[in-house]
J.: 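The structure under discussion is supplied below as structure tokens; questions concerning it will follow.
Whatever order the structure lists them in is the order used to number ligands and atoms, beginning at 1.
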Amino acid sequence: MQFIDLASQYQQLKEQINKRIKVVLNHGKYIMGPEVHEFEERVADYVGVKHTISCANGTDALQLAMMVLDIKEGDAVFCPTFTFFASAEVIAFFKATPVFVDVDEQTFNICPKNLEKQIEQVISCGKLIPKAIIAVDLFGLPANFPEINRIAEKFQLKTIEDAAQGFGGEIKGRRAGSFSDIATTSFFPAKPLGCYGDGGAIFTNNDEYAELLRSLRVHGKGLDKYDNIRIGMNSRLDTIQAAILLEKLAVFSQELQARNNAADTYTALLNENVIAPIIPQGYISSWAQYTVTTNTRDELLVKLKDKEIPAVVYYEKCMHQQSAFSELNYYEWNFPVAEKLAKQVISLPMHPYLKKSDIEEIANIIRQ
Ligand SMILES: *Cc1c(COP(=O)(O)O)cnc(C)c1O
């Protein structure tokens, strides 16, 4: 059994993907070839935004977003403490200060109440300028953007949706990647929509941001590529990866349905033994992970390992517990929910090609 079975997916899509790759090999436009533009258009339609700017990976997408919003030293950027390192790393990379926020116990996503408290604390402290909120769609479930956007408006902050895991998720019929000023995603192979290497994208409805991003991803180019009008970076999606993504996007809705079926099966079989993930009314998860909580997590990990069931802990360490951020303790950290989750979460195998018998086998072990 695989934690995320990319080989099974390739077996299903082999013919189309091989054909698409061959087209690229024949035309030879490996950088910013026609597939890149075709994919950007298709994915913008899928997400429901005006612009998609593809780039080299999800971390670069976040960095480019920071550059567009001119995040710099002296700025405070709020982000959940229970997330993947990159969400917070990019803030510090631009010498701004990540201000961590506790998460909601049921959704694992940034807690709006705590967010408001942290913003007020930064304002009353008077040392940093509150600039932006990075909210993460953790494990595939969109963050509570109706509340986050209300708070952002109240305090005049910009919003960034880190949809690296959330691609395909929805809130009331609107898709992940469309909830904020700028949204980012990753096409790392194990993400809901993955390519066969690194890849990423930025989504926005803002024309000015889009134009700036298209310049920033190619060394700050002007109208001509050897006319550089600002400092940028080299961050493009390879044409071959775009070709692969076009074929994967074509079956993505079907795969999403399969992930949701797998999640429903898990939840029905597990519910009494562990705390199954909770999806709020009106929300759809893309199930980047199926993550349960239990206070006997470490025992369960050993048992699953004995039976050769791959299970992973995302995340054992919160951002405020990372050594890289040890200098940031400008006031007493206090994130009881995130710290508890870090001790209790366990992610089970989840992908569109997971068999019902595999889920039953895993559920049996957990029930024992
Ligand atoms: C994977 C991930 C990223 C980074 O994406 P890469 O493509 O690996 O750079 C950022 N944020 C979150 C929440 C992620 O899960």
Side-chain angles (χ1 to χ4, degrees), residues 3-4 6 39 43 52-67 71 77-94 98 100-101 103-104 107-110 132-145 148 159-169 176-177 179-180 182-203 217 233-238 241-242 244-245 248 259 277 285-291 312-319 322 324-325 338 341-342 345 347 350-351:
F3 187 67
I4 293 173
L6 295 172
F39 175 67
V43 84
T52 295
I53 299 89
S54 60
C55 63
N57 57 68
T59 307
D60 278 9
L62 283 166
Q63 284 203 14
L64 287 160
M66 297 282 101
M67 289 165 92
I71 302 298
V77 179
F78 302 86
C79 101
T81 187
F82 193 60
T83 183
F84 178 63
F85 190 63
S87 319
E89 180 184 30
V90 296
I91 302 167
F93 186 83
F94 289 98
F100 299 124
V101 180
V103 294
D104 179 89
T107 63
F108 308 160
N109 279 329
I110 193 165
I133 303 161
I134 299 181
V136 182
D137 303 331
L138 204 73
F139 304 149
L141 181 70
N144 185 350
F145 273 97
I148 294 161
T159 53
I160 299 151
E161 178 188 359
D162 179 353
Q165 302 177 14
F167 187 89
F179 304 131
S180 57
I182 301 186
T184 63
T185 200
S186 163
F187 304 122
F188 180 84
K191 308 283 176 175
L193 179 65
C195 57
Y196 291 158
D198 278 309
I202 303 145
F203 307 114
R217 75 170 160 183
M233 54 202 283
N234 171 17
S235 185
R236 297 170 292 216
L237 180 68
D238 290 345
Q241 299 302 346
I244 292 159
L245 285 165
K248 289 219 196 177
R259 284 174 187 273
S285 176
S286 64
W287 297 109
Q289 303 296 339
Y290 184 90
T291 305
V312 185
V313 172
Y314 296 121
Y315 296 96
E316 225 172 315
K317 248 188 192 179
C318 300
M319 290 307 106
Q322 296 286 355
F325 293 128
L341 288 176
V345 286
S347 298
M350 168 52 81
H351 57 82

J.: Distances under 3.5 Å, N/O of ligand 1 against N/O of the protein: list each pair and its distance.
T.:
| residue | atom | partner | partner atom | Å |
| --- | --- | --- | --- | --- |
| ligand 1 | 5 (O) | Ser186 | OG | 3.4 |
| ligand 1 | 7 (O) | Gly58 | N | 2.7 |
| ligand 1 | 7 (O) | Ser186 | OG | 2.6 |
| ligand 1 | 9 (O) | Gly58 | N | 3.3 |
| ligand 1 | 9 (O) | Thr59 | N | 2.9 |
| ligand 1 | 9 (O) | Thr59 | OG1 | 2.5 |
| ligand 1 | 11 (N) | Asp162 | OD1 | 3.3 |
| ligand 1 | 11 (N) | Asp162 | OD2 | 2.7 |
| ligand 1 | 15 (O) | Gln165 | NE2 | 2.7 |
| ligand 1 | 15 (O) | Lys191 | NZ | 2.7 |

J.: Can you list the residues that meet the side chain to side chain donor-acceptor pair (under 3.5 Å) rule with Lys248, with sequence neighbours excluded?
T.: Gln9

J.: Quick check on side chain to side chain contact (heavy atoms under 4.5 Å, CB included): which of Ile133, Thr159, Ile148 does Ser180 satisfy it with?
T.: Thr159

J.: Taking everything shown except Phe93 itself, do over 12 heavy atoms lie less than 6.0 Å from its CZ?
T.: no

J.: Please identify which of these residues, Asp60, Asn57, Thr59, meets the side-chain hydrogen bond (donor to acceptor under 3.5 Å, both in side chains) condition with Ser235.
T.: Asp60

J.: Can you list the steps and then say if Leu138 with Tyr315 is a side-chain contact (heavy atoms from CB on, under 4.5 Å)?
T.: CA-CA 11 Å; Leu138 204 73; Tyr315 296 96; 4.0 Å; yes

J.: Taking the six-membered ring for Trp, is the centroid-to-centroid distance between Phe188 and Phe84 below 6.0 Å?
T.: no

